[in-house]
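Just so it is clear: chains get the letters A, B, ... in the order the sequence lines come, proteins before strands, and each one is counted from 1.
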Amino acid sequence: MTSSLPPFLVFFVGALLAAVTRGTVRKVLLVLVPVAGALNVWGVEEGYAWQLEFLGYVLEPVRADRLSLLFGYLFHLAAFIAVVYSLHLKKAENATVQHVAALVYAGSALGAVFAGDFISLFVFWELLAVSSAFLIWSRRGPGSARAGMRYLVVQVVSGVALLAGALMRVHETGTLSFGFVGLDGLSGWLIFLAIGVKAAFPLLHSWLIDAYPEGTPTGTVFLSAFTTKVAVYALARGFPETEILVYAGAAMACFPIFYAVIENDLRRTLAYSMINQIGFMVCGIGVGSALAINGAVAHAFNDVLFKGLLFMSMGAVMHMTGKTKASDLGGLYKTMPFTAVLCMIGAASISAVPLFNGFVSKSMIMSALIDGGYMWIWPVMLFASAGVVEHAGIKIPFFAFFAQDSGIRTREPPRNMLAAMTVAAIACVAIGVRPGLLYGLLPYAVDYHPYDASHVLTQIQLLAFAIGAIVVFQLLKIYPAEIRAVNLDADWFYRRAGARLVRRTGDAVAQAGVALRSAAAGVARPMYEGAFRAHGPHGPLARSWPAGSMVLWVAIMLAAFLLFQFL
Amino acid sequence: MNEKRSPDSLQPPEAGRPPAQHGPNSVPPRWSKRILLGFLGLCVAAVVAGFLADIHGEHPWEEVPLFHALYGFLGISGLILVSKALRRLVMRPEDYYDDE
Amino acid sequence: MTQHLPVLQVVIPLVLAPLCVLVRHPRAAWALAALGSLCAFGIALDIVSTVLASGPLSYDVGDWAPPWGIEYRIDAVNAWILVIVSLVSTAVVFFARASVEREVEASRVALFYAAYLLCLSGLLGIAATGDVFNVFVFLEISSLSAYALIALGQDRRALAAAFRYLIMGSVGATFIVIGIGLMYATTGTLNMADLADRLPGVWHVRTIKVAYGFLAVGCFLKLALFPLHLWLPNAYTFAPSAVTAFMAATATKVAVYMLLRFFFTIFGAAFSFDVMNLDMVLMPLAVAAIFSMSFVAILQTNVKRLLAYSSVAQIGYMILGISFASVTGLTAAVLHLFNHALMKGALFMALGCVAYRIGSVHIDAMAGLGKRMPATMAAFVVGGLSLVGVPLTVGFVSKWYLILAALERGWWPLAVIVLITSVMALAYVWRVIEAAYFREFPGDRETREAPAALLVPTWALVVLNVYFGIDATRTVGVAERAAEILMGAAP
Amino acid sequence: MTPAAMLVLALLVPVVGTVFVLLLRSRPNAREAASLVSATLLFLIVCGIYRTVSSGAPGGEAVVLAEPIPGITLSLAAEPLGVVFALVASFLWIVTTLYAIGYMRGHGERNQTRFYVFFAYAIASAIGVAFAGNLFTLFVFYEVLSLTTFPLVAHAGSEAAKRAGRIYLGVLFSTSIVFQLLAIAWTYSVAGTLDFRPGGILEGRWTNTAAVPLLLALFVFGIGKAAVMPFHRWLPAAMVAPTPVSALLHAVAVVKAGVFAVLKITVYVFGLDFVRATNASVWLMWAAAATILLASFVALRKDNLKARLAYSTVGQLSYIVLGAMLANSWGIVGGGMHIVMHAFGKITLFFCAGAIMVAAHKTKVSQLNGLGRAMPVTFFAFVLGALCIAGLPPAGGSWSKWFLGLGALEADQAGLLVVLMLSSLMSLAYLMEVPLKGFFGAASTAQPPTQVREAPVCSLVAIVATAVACVALFVYPEPVYRLMAAVVGQ
């Protein structure tokens, strides 16, 4: 299939055009880009590769196999939904910057999943970072500016780690090809670290918590779709069956749910939820069996849909009310019923309610855990999936749309937002009802049937009683209240400790410079002054001497010379 | 930013008060009661169905009767309690980072 | 006729000098002086080409064969000095016509040129002669006329300066004659070649060592080696511009030549360095001169005085080159004799142009001159850069050899010192450049470019500065030849 | 035209151009046209030289202009590394002239004729440095470059400008005279020649190689224009100059002449094998690395935009020095490519800083809030420039960093890789703050940015041109790479 364009190119060209067009033309163009891209990538066959010679290397900017193609389809779908969702943007919302950045961002994500070598991967990896930062900055607040900057720096840390790892790898092995990497050697660990940052591994995760809630309502939808999924893809490609991933994934699935319970900002709650979901994927990749990998990528696919849907619904709330905090919201179902329903579809999906798409992929991972013999991880993940119900399944829709009436009366969001959410919701349900749609695309042949009675029933029991616990706690009024506060997380290390360290080091360097200069001056000045006393206009060496003393000097000189010779 | 930009007049009247526990009072009590009852029914149905159907566990713990129901209930209870405790450790005023 | 050239060169100015007094007319006197200089220059060029082509010349005055008669013996070393002196003299004399008219009373102009010719004659004589007593005679001729020239300066302080110069010069000359006397007493000859033959036999005699000491100190005084330079700054500062240019470019150079002649040809490098440890004396003094005087120069505000101190420092470079006691070191020293004459001649003449127009050479008075007197200041800039040792000027060539000589001996700290003092030279030159180009002209005075009569000779030297900086093959060739002769490596 | 004639012509064109600039001084438009024409001509000539060199024709015969000292000639020769530098300098001269027209007029600067004249002289000297056939010639043009840029640095004529000018000349001349000239003389006394030769001229001529590190250090520090700490003060001081000067000279011609000289000396005087065999450069790598980090820290704390860019330049120059000191093919390739990449990135940044000064009269980063919406082109160009400096796609800086990283690994100095990566991060942090404030910062109430327009169109064209070049160099860095690969003989 040589007639295909590189998938990223469609988006980059689209971005260029979006920068120079306005109004309806641009809207049409924006919608056409993912559609055209999808048609293009649909024509790409497995095994297709585009190679070129560059700087003495043979690069492979496009290499298609089942894994990358799956992510390729997914990203087109995600881009389509998110683009439609953001069609309403106006000039005051930095529409041009947002549209252009979003298309570049989506294109870079496509580039990354089709990249066949480390140089190409690095390029798209960094482009992802740079373009996405604009989606945060575009919100134009002091908070978002700083958060965006922190985000960018962390992302670039990931980028330079990848670069360093790639450099070492090419230096050690002479090959640039991006395939299985594994954890042997420093280069492997560096690449692992790079992907880990983007995948929000525990302690490397806080950029996500910090930055996503600061993005624009529309921008965060893009953000939620691409960066972490590229990381999941890269893990699946480079580190399948790496045991440490199982534990990392378990940790990722568990710790955020505690934070999610007490987080007031609903978009931040979703960000925690996101880490929790990625935890499932990472865990699956760590298990590494065909079933597990299938489950992980299927879950990534589904996560893009339902997490996108949830972010979209919260974005709609934010767009209409300007608020995202649980303590500020409530009772919106009265004026935003459609949004509320769509949000609940998303909540059901993420909670893995049967007939919704979360169920069909998450259960694959759970089964794979047992098949893989991770008997102690399975209950942990089970706990985590129950926890999802708590914060994403109940908390999000409940506090935004029901709960205590905040008194806010608003309208449904713009039609394009509703349309986008509807598309996502339909996809969630469609996959939930007909899992074969998704299974057919997975990298390995699927022989898995989620819908057997035992499975469905246990899942319903788990969910129902988990919700029951919440209900009980609510009724007993010991459920933790929504409080306006921030919760310390790993970002403290760079927002507080790191920032102080950099500031102080900078000042220390500057002061050291000054001190050094003044020390040098302290040494030089007395020397200069001494020399000046002797050599200055009135110093003995520059004065006009009377003839007598000159003659005396001559005599001394002669005496000295003779003495010197005779001694 | 948006929070800051919006004038105080848009804040709900409750916002000024110290954070109180939310009551689900945006839904009329009649409806909330019905919903709760419906939910209770679902729980019971799930338990009953669980006994009726042939539940073949993959994990040894699944041999325990009503394992999933218990695990869900206890897990979430624990989750909520631990989170409450976590608050003591990590909660800071909203403007904690504003002096950067 | 051509075999008489060595003596004619000295005699022509000597004869023309009284004529100047007789004609009394300023222009006529100038014409005579110009004639004398041109003749000397022409002869010098002829001599140097002869010497380079066919070896040393010897001329017996009055056909009295040496060692009884006076011999003029010219090899590459003093041929070179003759060229330097007569070249500078020619440039200065053309410069002097306008400059002296401005700075010296009309009634004294003829006397000025008489003294000038005498001085020239004396300097040429020192260089040309092969007889040590004759050296003393010419030294006195040149010195006495120099005192007179300096005393002609406008400023009343010129008299005092000339007086002090007279005392110091006389002390120096006396030391030299004492030294000569002691040598004569020991060896019974005054002919240089003869002395060179006989001295190795009497090395152990104390008298010779004493003679050496007197000669050394006398030469140091005449060449203004630190710390015996104290007469120089005032003499240069207060003398008429033309005189300063002439003296700075020639008098000290000839004194250096005397030193070379006495210590290398007559006593021999082996005696000077192995027995008398001359290098141990010269090197510290040279370093002190370079450093200390460069520093003094940086802090001067009178540019003429600034350059005077710079001259003392530059003499330090030559002495440093000598102290290396190697062919390369001597090459550097001999090169610098010539190169420094070119640069200092050009600089002092440029200052003469400034003095001609604005009457002052104070650094503040020169503010903004870059626009008012562009040609003059451009000349100053090129001369200054040459002084610093910027590549493609003559200054670089001599410094290059000096550094090579230092490295060759492994004395790299001396190379560093040469370089550091170059930066110091840049500092004092730059002060003038900055004042001239980057400060506003005071503006209340109507100031024009200096007349062509001054500019042409100035630029002639400037061009030479650059020419011999771009193509130093010839100068280096001569200097190497001279160095080899002095070290005894070549006849 | 023979290659030799082209070399001489390249040197002459800017100089002859100044004659026309002077003649046309009363007619600004014609005067600027003269500048532009000579710039374009020069670029075409250099392109011609590039074609000869890249076609592999033996252009190695040096043109001897003079022989000041027997055995030491003033000569020109074209080799790939010099072509890289000359191409950059000559191309950016065109762009900068265009920019300067807008800037100098927009800013109402005085003495514009003098400005263009000395600008041309500076370019001529840079070309001389690029095509220097031996160390002596390099030194000569290096010094001429210092000298001809002084009037540009002190252009404003104020006390502050003159003081800065004194620091500028003081540091550059002191280091070059005391260290560099000493090193040259030393080299001559050891090798007996000063010619640049592939493989170097020093190998096999030392009885005791313990002094080689010292000689190399004398060169590295003696080339003050490379601004390795502690001899970097002149560079921030020179920022008093008008922005086009800062842009071309202190981002491209002057500073690059320095690092270019370091590269050239490492390759053609020492020879890479010799440097490696004597371990001469190991501590210098770390001196360069320290400069990279320290300069970045200082830049982080500078509020004045041009000062920030100046310190950024200090750090970036040490990338190239580092590349040279790595003394392997990759390091040299990376260093050479970084000459180009940094040139385009930094000139874009300076252009933007100047545009902001002209259009909005702002000099401090903290004053830029909201300006980006009034000057979107300028600030977007700044983003691209910043990416280029930080070494991020889609800007050319990525590739030079790649090769420098490989070089560091090749030299078994993984620690340097860390330095390079840290520096990337820091440069990103201190540079991105500018567009961030510009685009997304809240506008100050004192001067609504709505009154601000983009800089004059001439300047804007220049800004766009260099910014686009940053991206173009990302997509198509092959010519630069090939030239540099030829330098190291691959």
Check: D:Y116/D:T18 side-chain N/O donor and acceptor closer than 3.5 Å: no
D:F20 CZ: over 12 foreign heavy atoms closer than 6.0 Å: no
Intermediate values then yes/no, side-chain hydrogen bond (donor to acceptor under 3.5 Å, both in side chains), D:Y142 and D:S176: CA-CA 9 Å; D:Y142 178 96; D:S176 66; 5.4 Å; no
Gap separating the NZ atom of C:K344 from the CG atom of C:L387, nearest 0.5 angstrom: 5.0 Å
Polar side chain donor-acceptor pair, D:Y188 to D:T193, under 3.5 angstrom: no
Neighbourhood of chain D inside residues 329-342 of chain C, taking heavy atoms under 4.5 Å as contact: none
Residues of residues 178-187 of chain D near chain C, each having a heavy atom less than 4.5 Å away: D:V178, D:L181, D:L182, D:I184, D:A185, D:W186
Heavy-atom closest pair, residues D:P242 and D:M104: CB-SD, 4.2 Å
Any donor-acceptor N or O pair under 3.5 Å, side chains D:R25, D:Q112: no
Stepwise ring-ring contact (aromatic ring centres under 6.0 Å, His included) test for C:W411 and C:F324: CA-CA 9 Å; C:W411 295 344; C:F324 289 137; 5.8 Å; yes
CA sep, side-chain torsions, deciding dist, call: D:V140, C:L392, side-chain contact (heavy atoms from CB on, under 4.5 Å): CA-CA 8 Å; D:V140 170; C:L392 306 188; 3.8 Å; yes
C:T328/C:E408 under side-chain hydrogen bond (donor to acceptor under 3.5 Å, both in side chains): CA gap, chis, key distance, verdict: CA-CA 8 Å; C:T328 319; C:E408 189 182 276; 2.7 Å; yes
Chain D-proximal positions within residues 465-474 of chain C [heavy-atom distance under 4.5 Å]: C:G469, C:I470, C:D471, C:A472, C:T473
Heavy-atom pair count under 4.5 Å with chain C, highest-scoring of D:V190, D:V144, D:I177: D:I177
Closest non-hydrogen atom pair between D:A191 and D:L202, with its separation: CB-CD2, 4.1 Å
Residues C:R409 and C:S326: side-chain donor-acceptor under 3.5 angstrom: no
Sorted by number, residues from residues 120-136 of chain D in contact with chain C (heavy atoms, under 4.5 Å): D:F136
Polar contact flag, side-chain donor to acceptor under 3.5 angstrom, D:K225-D:S146: yes
Part of C:V476 lying under 4.5 Å from any heavy atom of chain D: side chain
Nearest heavy-atom neighbours spanning C:M487 and C:V327: CG-CG2, 3.9 Å
Atom group of C:L385 that falls short of 4.5 Å from chain D, counting heavy atoms: side chain
D:E159/D:K162 salt bridge by N-O under 4.0 Å criterion: yes
Part of C:L407 lying under 4.5 Å from any heavy atom of chain D: side chain
Least distance between heavy atoms, C:K399 atom then C:V388 atom: NZ-O, 2.9 Å
Heavy-atom closest pair, residues D:F150 and C:E434: CZ-OE1, 4.4 Å
Parallel, tilted or perpendicular: rings of D:H155 and D:F115 (30°, 60°): perpendicular
